[in-house]
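Right, one structure below, let's go through it.
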Amino acid sequence: MHRPRTGHLPLLALTVATGSLWLAAPEARACSICRCGDATFGALGRDAYGAAGFHLAFDWERFDKQEGDPADEAEAQVEQRFTTLVSYGFNDRLAVRLRVPYSIRSLTPVGGGDEMGPTDTSGLSDPEILGQVRLWASPLRGPLGRRAALSMSAGVKTPWGRNDVQVDAERADEHAQPGTGSTDLLGSLALLYLIDERSAVFASTGYRRTGENDAGYRYGSTFLANLAYERKLHPAVDGVLELNFRHAGRDQVDASGTLDDDTGGALLYVTPRLAADLGHGLVLRAAVQVPLARGLNGFQEERAVANVGLTYLFARR
């Protein structure tokens with residue numbers, strides 16, 4: 001989110017993915033646990049790319065999807081995720097971040113005559129540790145300062161989340177596990193461009209290389225692309241319109257390499273977002289991701305994703 005200032009909320013630039021990327025993407029599979037969008041920019045705004053000091057963000061997100069043929073065997077998944085993000089910028093070029101999520105999941109059989117009730121689980125999901133460095137920035141010029149900046153982030157999603165939940169003395173379905181149990185490698189590039197004092201454009205691309213957990217399960221590796229236009233609507237309110245694209249591989253369900261035909265594919269979301277300066281360094285954020293175009297494999301349905309968050313900025317430039 002933006003960096004709050006007295007009587008002024010800086011322009012919030014958020015991640016957005018392009019429709020042309022969706023049309024040009026080769027057939028792939030969408031990871032059933034991956035989210036669209038740039039999580040860092042969604043939580044911290046343009047201050048994620050240049051502000052020194054501590055930043056703290058807390059987010060609630062609700063995710064809803066269905067996998068499998070309802071005439072045979074399908075499952076409806078609902079997840080509520082609470083994520084704490086702590087960021088520290090050493091200066092305007094280098095920052096480190098820790099993201100810690102807590103997951104509450106409900107997995108319910110659908111169709112096929114199955115009358116079993118839902119499987120409800122909760123626990124720590126997988127923390128992520130990332131570093132960010134600014135690769136290039138335009139010269140300081142006028143009231144906008146640096147009009148453009150290119151940054152790179154890299155890090156790891158740890159396997160520290162809970163991945164051993166049991167139901168009736170048996171291991172719960174992988175999609176009911178709060179954590180994935182795998183080590184994933186993360187990398188992304190982000191470009192922020194200030195059009196003027198009231199508007200900005202943000203674009204990013206990223207890749208998640210997933211690992212295999214002890215049960216032999218491996219979520220599909222994922223490519224993300226985001227493009228956003230942000231505009232100041234009021235001295236204390238910013239509006240953002242985003243496109244978020246995701247393209248992922250099918251999930252591997254066991255150590256032999258068997259793939260799940262009802263996972264993976266391509267998705268394009270449109271995401272309106274508002275950010276309001278509450279004063280004293282606190283910013284309230286709200287967004288909804290609405291599926292705009294789908295290219296999913298097999299039987300899948302992904303629905304809108306709701307997000308509400310708070311950001312507190314301890315330090316200002």
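Below, all heavy atoms of this structure are taken into account, side chains as well, without hydrogens, waters or symmetry copies.
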**Any donor-acceptor N/O pair, Thr222 side chain to Arg208 backbone, under 3.5 Å** = no
**Asked** So, do Arg273 and Asn307 sit near enough that their side-chain heavy atoms are less than 4.5 Å apart?
**Response** yes
**Rounded distance (nearest 0.5 Å) linking atom CG of Leu267 with atom OH of Tyr269** = 5.0 Å
**Asked** Take atom CH2 in Trp136; do more than 12 heavy atoms of anything else shown fall under 6.0 Å from it?
**Response** yes
**Side-chain donor/acceptor of Arg147 to backbone N/O of Arg141, under 3.5 Å** = no
**Item:** Residue pair Gly161 / Asp126: nearest heavy atoms and the distance that separates them
**Value:** N-OD1, 2.9 Å
**Prompt:** Is Leu98 reachable from Leu56 through a run of hydrophobic residues whose side-chain heavy atoms are each under 4.5 Å from the next?
**Reply:** no
**Prompt:** Quick one: do Val308 and Ile104 end up in the same hydrophobic cluster if we chain Ile, Leu, Val, Met, Phe, Trp and Tyr together by side-chain heavy atoms under 4.5 Å apart?
**Reply:** yes
**Asked** Are Pro118 and Ser106 side-chain neighbours, meaning at least one heavy-atom pair lies under 4.5 Å?
**Response** yes
**Asked** Shortest non-hydrogen contact from Arg171 to Asn163?
**Response** NH1-O, 2.5 Å
**Asked** So do the side chains of Pro178 and Val165 get within less than 4.5 Å of each other, counting heavy atoms only?
**Response** yes
**Asked** Taking atom CZ of Phe90 and atom CD of Gln132, what is their separation to the nearest 0.5 Å?
**Response** 12.0 Å
**Message:** Pairing donors with acceptors under 3.5 angstrom, does anything connect the side chains of Thr40 and Arg99?
**Reply:** yes
**Request:** Indicate the ring-plane relationship of Tyr219 and His175, choosing parallel, tilted or perpendicular according to the 30° and 60° boundaries.
**Result:** tilted
**Item:** Ring geometry between Tyr312 and Phe314 (parallel below 30°, tilted from 30 to 60°, perpendicular above 60°)
**Value:** perpendicular
**Request:** Could you give me the CA-CA distance, side-chain angles and deciding distance for Arg81 and Ser103, then say whether side chain to side chain donor-acceptor pair (under 3.5 Å) is met?
**Result:** CA-CA 5 Å; Arg81 179 171 293 200; Ser103 175; 4.9 Å; no
**Request:** Using side-chain hydrogen bond (donor to acceptor under 3.5 Å, both in side chains) as the criterion, point out the one residue from Gln77, Arg246, Gln66 that pairs with Glu302.
**Result:** Arg246
**Side chain proximity check, Gln252 to Thr263, heavy atoms < 4.5 angstrom** = no
**Item:** Glu79 side, atom CD; Arg105 side, atom CZ - distance, nearest 0.5 Å
**Value:** 4.0 Å
**Prompt:** Hey, does the side chain of Arg93 reach the backbone of Val133 with a donor-acceptor pair shorter than 3.5 angstrom?
**Reply:** no
**Message:** Donor-acceptor check, side chain of Asp277 to backbone of Val283, threshold 3.5 angstrom: yes or no?
**Reply:** no
**Item:** Straight-line distance of Arg303 CZ to Asp64 CG, nearest 0.5 Å
**Value:** 4.5 Å
**Asked** Does the side chain of Leu189 come within less than 4.5 Å of Leu135's, by heavy atoms?
**Response** yes
**Asked** If you group Ile, Leu, Val, Met, Phe, Trp and Tyr by side-chain heavy-atom gaps below 4.5 Å, do Leu282 and Val86 land in one group?
**Response** yes
**Asked** Which heavy-atom pair separates Gly211 from Arg218 by the least distance, and what is that distance?
**Response** O-CG, 3.4 Å
**Asked** For Val253, does its backbone N or O pair with a side-chain atom of Asp251 as donor and acceptor, under 3.5 Å?
**Response** no
**Request:** Run the numbers on Glu170 and Asp168 for side chain to side chain contact (heavy atoms under 4.5 Å, CB included), then give the verdict.
**Result:** CA-CA 6 Å; Glu170 293 186 1; Asp168 297 330; 5.7 Å; no
**Request:** Please confirm whether the backbone N or O of Pro101 pairs with a side-chain atom of Ser125, one donor and one acceptor, at under 3.5 Å?
**Result:** no
**Heavy-atom side-chain proximity of Val100 to Leu124 below 4.5 angstrom** = yes
**Prompt:** At their closest point, which heavy atom of Thr180 faces which heavy atom of Lys157, and how far apart are they?
**Reply:** OG1-NZ, 2.8 Å
**Minimal non-hydrogen separation, Ala43 against Thr311, with atom names** = O-OG1, 2.6 Å
**Item:** Parallel, tilted or perpendicular: ring planes of Phe54 versus Tyr88, cut at 30 and 60 degrees
**Value:** tilted
**Prompt:** Would a 4.5 Å heavy-atom cut-off, applied to side chains only, mark Glu174 and Asn213 as touching?
**Reply:** yes
**Message:** How long is the straight-line distance from CD1 of Ile195 back to CZ of Arg198, given to the nearest 0.5 Å?
**Reply:** 12.5 Å
**Message:** Donor-acceptor check, side chain of His280 to backbone of Leu278, threshold 3.5 angstrom: yes or no?
**Reply:** no
**Request:** Determine the minimum heavy-atom distance between Gly37 and Leu224, stating which atoms define it.
**Result:** O-CD1, 4.1 Å
**Prompt:** Is there a path from Val156 to Leu186 through hydrophobic residues (I, L, V, M, F, W, Y) whose side chains come within less than 4.5 Å of each other?
**Reply:** no
**Prompt:** Does Thr210 offer a backbone N or O that forms a donor-acceptor pair with the side chain of Ser182 under 3.5 Å?
**Reply:** no
**Prompt:** Should we say atom CG of Asp120 is surrounded by more than 12 heavy atoms from elsewhere, each under 6.0 Å from it?
**Reply:** yes
**Message:** Would you say CD of Gln166 has more than 12 non-hydrogen atoms from neighbouring residues, nucleotides or ligands within 6.0 angstrom?
**Reply:** yes
**Asked** Under 3.5 Å, is there a donor-acceptor pair between the Ser87 and Arg97 side chains?
**Response** yes
**Prompt:** Taking side chain as C-beta onward, heavy atoms only, is Tyr229 less than 4.5 Å from Val240?
**Reply:** no
**Request:** Calculate, to the nearest 0.5 Å, the distance between atoms CD and CG belonging to Glu67 and Asn297 respectively.
**Result:** 10.5 Å
**Message:** For residues Trp60 and Leu284: do they belong to one hydrophobic cluster (side chain heavy atoms under 4.5 Å, members Ile, Leu, Val, Met, Phe, Trp, Tyr)?
**Reply:** yes
